[in-house]
> 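The following block contains the structure, expressed as structure tokens.
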There are 2 protein chains.
Amino acid sequence: MRVPTVAVDVVLFTIDAGALKALLVQVRKGPFAGRWAFPGGLVPLGEALEDTARRELQEKTGIADLYLEQLYTFGEPDRDPSGHVVSVAYFALVPAPVPAPPDDPKYARLEWRDVRKLPRLGYGHNALADYALARLQAKIEYSDVARGLLPPEFTLAELQEVYETILGRALDRRNFRKRVLQRGLVRPVKRVRRGPHRPAELYAFAQRER
Amino acid sequence: MRVPTVAVDVVLFTIDAGALKALLVQVRKGPFAGRWAFPGGLVPLGEALEDTARRELQEKTGIADLYLEQLYTFGEPDRDPSGHVVSVAYFALVPAPVPAPPDDPKYARLEWRDVRKLPRLGYGHNALADYALARLQAKIEYSDVARGLLPPEFTLAELQEVYETILGRALDRRNFRKRVLQRGLVRPVKRVRRGPHRPAELYAFAQRER
DNA sequence: GCAAAAGTGTTGAGATTACACCCATGC
DNA sequence: GCATGGGTGTAATCTCAACACTTTTGC
């Protein structure tokens with residue numbers, strides 16, 4: 001092989017049981033066999049990077065529709081002991097509830113793991129996890145990335161829980177509601193979610209991103 | 001060729017004559033021959049991406065010491081008509097005054113061009129220019145990237161001119177000085193620059209980045 | 001002494017934080 | 001009627017933008 005190989009790796013986040021989780025796959029070959037790492041794969045000739053990322057996730061989890069954003073490209077030649085692999089990292093979001101990963105022994109094992117309690121990962125992927133989390137925390141403050149973690153309609157309490165889980169700290173309810181409303185991030189949809197207590201107004205993200 | 005090739009492209013900025021300029025090279029081969037584009041080159045097996053970027057700039061301009069930061073990776077297969085090239089884009093900064101590019105006919109022609117008046121570039125590089133400028137504008141607000149565009153000691157007027165050139169608008173002198181000082185971005189070095197008028201205090205960037 | 005750039009404070013507006021009580025529903 | 005989560009306003013503080021005059025030097 002005369003040139004570096006190109007791969008994509010994807011940090012797929014979801015929120016589950018009040019925790020921010022990422023999808024891991026168990027490495028099957030090479031010096032990292034048995035370790036966990038983020039899913040990824042080689043980019044074939046002629047395929048766009050983002051398409052490779054989506055295809056890999058689709059094949060591994062069946063999830064087709066998700067938010068995907070490029071993170072960083074790692075190109076140190078000694079990161080992968082099997083050769084010089086330039087790895088384009090993405091981060092992705094999928095709304096809860098996420099379908100349970102198929103536990104087909106034909107495929108590598110998959111697991112959703114709390115991002116703040118990751119084991120030592122293969123291919124130096126812990127740095128990737130830190131990077132992805134930092135980006136997510138930064139973006140949630142000024143963009144509508146939270147869209148990728150929620151269903152089309154949701155209560156403000158649910159939205160706030162997403163923010164708190166990502167940021168890792170509690171937020172004031174009144175201030176939170178004021179902010180997201182007057183920033184025009186969400187709009188009420190004139191429906192309510194009924195439950196055991198007082199019904200909650202439902203909201204949706206506003207059309208235009210900002 | 002069975003896999004995509006990996007290349008780096010670098011948007012090298014400097015400030016010259018009150019304008020933000022970028023280094024362009026003239027394309028010599030292929031369908032974009034004659035057009036201008038940002039300098040770049042293929043990543044050889046075993047070399048880190050950033051090393052390739054530095055080496056290319058060093059070879060083309062002789063500039064060795066510069067600020068370099070990864071921007072984005074473009075991987076659409078049809079961007080380069082000669083094949084599927086995954087291009088990792090960097091942006092770089094070099095302080096003025098910048099050495100004049102050698103006009104050796106053995107090498108491709110080089111030119112510093114005003115970033116806001118670029119011609120139609122090869123390889124779809126106009127998008128890259130926009131992206132790099134947006135990143136620079138964003139980062140100058142909260143980081144010390146301006147460090148890469150100034151000599152070790154400078155006056156606050158010079159610093160302000162860098163900000164104004166990058167942001168493309170005038171800033172209030174008093175507010176500007178207040179901000180950079182109380183943010184701890186710069187510190188006075190107890191020396192002055194003498195000129196035709198009142199001497200100006202010299203400053204240097206503070207040690208720690210933030 | 002004059003031209004030119006350097007240096008310096010205050011005020012008002014808007015944004016952000018802190019904080020506690022009533023409301024609507026299911027059971 | 002009570003337990004539970006849903007919904008709301010105000011005051012204090014901080015941050016950011018607007019704005020004009022005096023100082024120091026070279027000539």
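Values reported hereafter were calculated over all heavy atoms of this structure, with side chains retained and with hydrogens, waters and symmetry mates removed. Chain letters run A, B, ... following the sequence lines, proteins first and then strands; every chain starts at 1.
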> What nucleotide, of C:dG7, C:dT17, C:dT25, holds the atom closest to the side chain of A:Lys178?
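So the side chain of A:Lys178 is nearest to C:dT17.
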> Would you mind classifying the nucleic acid contact of B:Arg194 as base, sugar-phosphate or nothing, using non-hydrogen atoms under 4.0 angstrom?
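B:Arg194: backbone/sugar contact only, no base atoms under 4.0 Å.
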> On a heavy-atom basis, which atom in A:Ala89 and which in A:Leu128 lie closest, and how many Å separate them?
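The answer is CB-CD2, 3.6 Å.
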> Which nucleotide wins on minimum distance to the side chain of B:Arg177, given the candidates C:dA20, C:dA6, C:dA18?
C:dA6
> Which residue pairs pass the ring pair (Phe, Tyr, Trp, His ring centres under 6.0 Å) test with at least one member in residues 173-204 of chain B, sequence neighbours excluded?
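The answer is B:Tyr163-B:Phe176.
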> Ignoring hydrogens and angles, tell me if any N or O in the side chain of B:His125 forms a donor-acceptor pair with the backbone of B:Phe38 under 3.5 Å.
yes
> When the distance from CG of A:Leu167 to C1' of C:dT17 is rounded to whole Å, what number comes out?
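Nearest whole value for this atom pair: 16 Å.
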> Whole angstrom is fine here: how far is it from CZ in A:Arg193 over to C1' in C:dG26?
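So the CZ-C1' distance, A:Arg193 to C:dG26, works out to 17 Å.
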> To the nearest Å, give me how far apart CG (B:Leu181) and C1' (C:dA6) are.
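In whole Å, C:dA6 C1' lies 13 Å from B:Leu181 CG.
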> Between B:His197 and A:Asp172, name the one whose nearest nucleotide on DNA chain C is closer to the 5' end.
B:His197
> Using whole Å, what does the distance between atom P of nucleotide C:dA6 and atom CD of B:Glu201 come to?
12 Å
> Can you measure from CG (B:Leu24) to CZ (B:Arg109) and round to the nearest 0.5 angstrom?
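If I round to the nearest 0.5 Å, the distance is 11.0 Å.
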> When the distance from CZ of A:Phe176 to P of C:dA18 is rounded to whole Å, what number comes out?
16 Å
> Given side chains that start at C-beta, do those of B:Gln137 and B:Glu141 come closer than 4.5 Å, heavy atoms only?
no
> 5' to 3' on DNA chain D, which nucleotides open and close the contacts with chain B (atom under 4.0 Å from a heavy atom)?
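Answer, 5' to 3': D:dA17 to D:dG26.
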> From C:dA20, C:dC19, C:dT17, pick the nucleotide closest to the side chain of A:Arg173?
C:dA20
> Do you know the tightest heavy-atom contact between A:Glu69 and A:Lys139?
OE1-NZ, 3.0 Å
> Tell me: CZ of A:Arg174 to P of C:dT16, nearest whole Å?
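My rounded result for the distance is 17 Å.
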> Without decimals, in angstroms, what is the distance between A:Gln182 CD and C:dA15 P?
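Nearest whole value for this atom pair: 7 Å.
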> Can you tell me whether the side chain of B:Arg198 and the base of C:dA6 have a donor-acceptor pair closer than 3.5 Å?
yes
> Name the residue closer to the 5' end of DNA chain D, choosing between A:Tyr203 and B:Arg179 according to the nucleotide with the nearest heavy atom.
A:Tyr203
> Specify the separation, in whole Å, of atom CG of A:Asn175 and atom P of C:dA20.
13 Å
> Could you list the donor-acceptor pairs under 3.5 angstrom formed between side-chain atoms of residues 11-19 of chain B and any protein atom two or more places apart in sequence or on another chain?
from	atom 1	to	atom 2	distance (Å)
B:Thr14	OG1	B:Val94	O	2.8
B:Asp16	OD2	B:Lys21	NZ	3.3

